[in-house]
2 protein chains.
Amino acid sequence: MSDDTRSPIDPAATHAALLAAGAELFAEHGYAATRVRDIAARAGANLAAISYHFGGKQELYMAVLEHEAARMIAQHPLSQPDHADDPVAQLRDVIGGLLGRVLADDERGLIQRLLLREMFSPSEALPLLVERVQKPQFALVLSAVTAVAGPHVPPDRLRLAGLSLVAQCLFYLSARPVVERIVPDVVSAGGRTRLVEHLTDYNLAALQALRAAHAEPGDA
Amino acid sequence: MSDDTRSPIDPAATHAALLAAGAELFAEHGYAATRVRDIAARAGANLAAISYHFGGKQELYMAVLEHEAARMIAQHPLSQPDHADDPVAQLRDVIGGLLGRVLADDERGLIQRLLLREMFSPSEALPLLVERVQKPQFALVLSAVTAVAGPHVPPDRLRLAGLSLVAQCLFYLSARPVVERIVPDVVSAGGRTRLVEHLTDYNLAALQALRAAHAEPGDA
DNA sequence: ACTAGAATCAAACATCTGTTTGAAACAAAT
DNA sequence: ATTTGTTTCAAACAGATGTTTGATTCTAGT
């Protein structure tokens, strides 16, 4: 990020560089532990640029969250369920997509990390993130869960099942250092495909059991 | 917390009050966002008491983690699997125990919150917490998972299943504000028993499918 | 009662940190 | 070329924050 060789005065470039540097540092260290001097330095901008362009640290943080949320929606749209006929493939795609976003080292992981930090230390920005990031993600998960479990399962159970699924994917975002310390080679490059397989199999079985438990009397 | 009417000089009481106040504030706001002045105030102690008794903020933080980990082991031992004959009950107990610890508002929740913060922003204290808190917890989960899924499932799959189970329980610790915003009444007092039921059913089904997939050729 | 060490306290200290300032550099319009 | 408004910059600023200090109070041993 942040072209260090930015000789001509380019307000937009400074603005963008500050947003990018802020996103990385806020995601890595959290709001309180991030120094505005470090953000400015990484952005190759002057210290006062933060106050000039955004008003202050707090406003920059909010702008970062809005910007990252908007970018995720624009650049990485949650794939629509185009497997209307194959619920299992739909489930696998949702899991793979969610896990890929969560474990990505690039900008896709940024918004997830920021969101998780907001979850744990909510600020006034949490509602925005929930509305723009979490709810659409959950809706997608819920549609996949519903497709597998069938329409006869009560909405309550479907929501709980969706939460279980999201939980297992997001877990590896926060618990990565610990998981690697307890069970090695789970989030390594090779282990990632195994992980998607496991999550698909594991939840598929649970969802099919849920479907069976709420089968329509006349169903096979 | 921290008896405010502590007229006689009692070094041990000050020491303990600082540990308690530090645990609460560190768990609530994280290390960077916690001010030593607030800790001292909540403990009813003088500001300099932190340096005097522990050396500094960093050392107090380490002492808090060690103390909370030790207290959890001493006061809330992870119930041993006394259901050698009933794997389902064992699973339910493990889930209920883990979820109870995670959602507890008392001191049981403290160590979990501190641990989760360490997971996300690891410090040099993480290895200690993993060894003293996380590994024993995971061993217990793994024994329950193994009891249900049977001995013929490869250890790799068992560990992944254990992680899935832990993930679903810990999720509600970090995601509580978001969960309540997406799906109301899940972590409420009434919803908690429903939650334990759901988690038990959901994972029981998944584990039984795992058992069936790896059944000994001669098994029924 | 006296002394010595431990613990507490109010105050001061040094550093860090977010913010502001006023001048300088730049771009665009006249 | 001059003017005007915008952007950048080094420096300074004010407040917060972790730490230290030196005196004071307390407890215990003699």
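Residue numbering restarts at 1 for every chain, and letters A, B, ... go by the order of the sequence lines.
Closest contact between the side chain of A/A48 and the listed nucleotides D/dT7, D/dC9, D/dG18 involves D/dC9. Checked against C/dC9, C/dG18, D/dT7, the side chain of B/N46 finds its nearest nucleotide in C/dC9.
Side chain to side chain, B/N46 and B/Y52 fail the donor-acceptor criterion of an N or O pair below 3.5 Å. In summary, the side chains of B/Q168 and B/Y202 do not present any donor paired with an acceptor at a separation below 3.5 Å, with no hydrogens or angles considered.
What separates CG of A/L47 from C1' of C/dT19 is a distance of 8 Å, to the nearest Å. Atom CZ of B/R37 is separated from atom P of D/dA16 by 10 Å (rounded to the nearest Å). Taking atom NE2 of B/H15 as the reference point, atom P of C/dA7 lies 11 Å away to the nearest angstrom. Here the P atom of nucleotide C/dC16 and the NZ atom of A/K57 are 16 Å apart, to the nearest Å. One interatomic measurement links the two molecules: NE2 of B/H53 to C1' of C/dA7, which rounds to 6 Å at whole-angstrom precision. The nearest whole Å value for the distance from the CZ atom in B/F54 to the C1' atom in D/dT20 is 18 Å. Straight-line distance from the OH atom of A/Y52 to the C1' atom of D/dA10: 17 Å, rounded to whole Å. In this structure, B/R35 atom CZ and C/dT17 atom P are separated by 11 Å, rounded to whole Å.
OP1 or OP2 of D/dT8 sits under 4.0 Å from a side-chain N or O of A/T14.
A salt bridge is absent between B/E197 and B/R194: the closest approach of a Lys/Arg side-chain nitrogen to an acidic carboxylate oxygen does not fall below 4.0 angstrom.
The six-membered or imidazole ring of B/F120 lies away from that of A/F120, with a centre-to-centre distance of 6.0 Å or more.
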